[in-house]
Amino acid sequence: MNNAKWDVRIERARKLAVNYPFASEGLRFYERLTRFHKSAYSQIEAACGTAKRDRPPAMLRREFDTFLLLPQFAPFLSAITEIAPVPLARFASEFRTRSGSYWQQTLVRFWEDGSGGQMNSEPFEAILSWLFLRPYAEYLADHTKSTAPKGTPSLCPLCGGKPQVGALRPEGDGATRSLICSLCATEWEYRRIVCPACGEEDVHKLAIYTAKEFNHVRVEACDSCRSYLKTVDLTKDGHAVPVVDELATIPLDLWAAEHSYQKLRTNVLGL
Ligand SMILES: [Zn+2]
Ligand SMILES: [Zn+2]
């Protein structure tokens, strides 16, 4: 049932690759990666079923199905060696020669690490783990009975992951802001004038940057902690798919880097 979401992302990536030639190489990688994710998600759903379960808040990472996931890892590494940018492809090729137990340790370490693998892992190992485990995380999130999170958490209420991108969705005469998880793609409401990295609420310290070629995407930066996040405004482009439009708007990341802002969560293109 949820397989349609992968097709929406693939189609959007194809369209944006035509509109934004400077991003076409990265979007082509994303498109091929997403095809792999779609197939992996189907296999997980076939094995685990479509029923929704109760999962307490922030407990998503308590589950890890080694027997289901490990056999998918070698085909994933092979795919990455063919489709990823050279540094990651080369690392995946080397990583293929490691033992199954080393793969398992690496994946479990990433999964159990609430920092998204940024603290305890070799960076490329964390990236491979993150890319590989996304369909599993999305499967678990999609098959969890939804409960409204308490307050407005700045990390994903289901898995504790950092937000990848924000969204403004039309509601009444205005828009509500939400954040989208970088691991399980859960989307949760978040207050508009507050930094998701440090909680800054002073509007004078929260900068917004837009560029005329991307009317519907903006950088939301914080001058207190120097972090930023991009937010996709669906009131301006109802066809946008936040996780994909975020990838395509590379010049906004370059602007942020030039102004010494650090992204809250690096995307699959390493930006
Ligand atoms: Zn999550
Ligand atoms: Zn901040």
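Indexing begins at 1, ligand by ligand and atom by atom, following the structure's order. Quick note: residue numbers are just sequence positions, from 1. Just so it is clear, the structure is predicted and the values come from calculations on it, not from any experiment. For the numbers below, each heavy atom of this structure counts, side chains included, while hydrogens, waters and symmetry mates do not.
The SG atom of C222 and the SG atom of C195 subtend an angle of 110° at the Zn ion (ligand 2), given to the nearest 10 degrees. Geometry note: the Zn ion (ligand 2) is the vertex, C225 SG and C198 SG are the arms, and the angle is 110° (rounded to 10 degrees). The Zn ion (ligand 1) forms the vertex of an angle spanning SG of C156 and SG of C184; to the nearest 10 degrees it equals 100°. Centred on the Zn ion (ligand 1), the angle running from C159 (SG) to C181 (SG) is recorded as 100°, rounding to 10°.
The cationic group of R96 does not satisfy the cation-pi geometry with W103, failing either the under 6.0 Å distance to the six-membered ring centre or the 45° limit from the ring axis.
To the nearest 0.5 Å, atoms CZ (F214) and NZ (K236) are separated by 14.0 Å.
Taking a 6.0 Å sphere around CZ of R226, one finds it holds more than 12 heavy atoms contributed by other residues, nucleotides or ligands.
Counting heavy atoms from C-beta outward, L229 and K263 have side chains that stay 4.5 Å or more apart.
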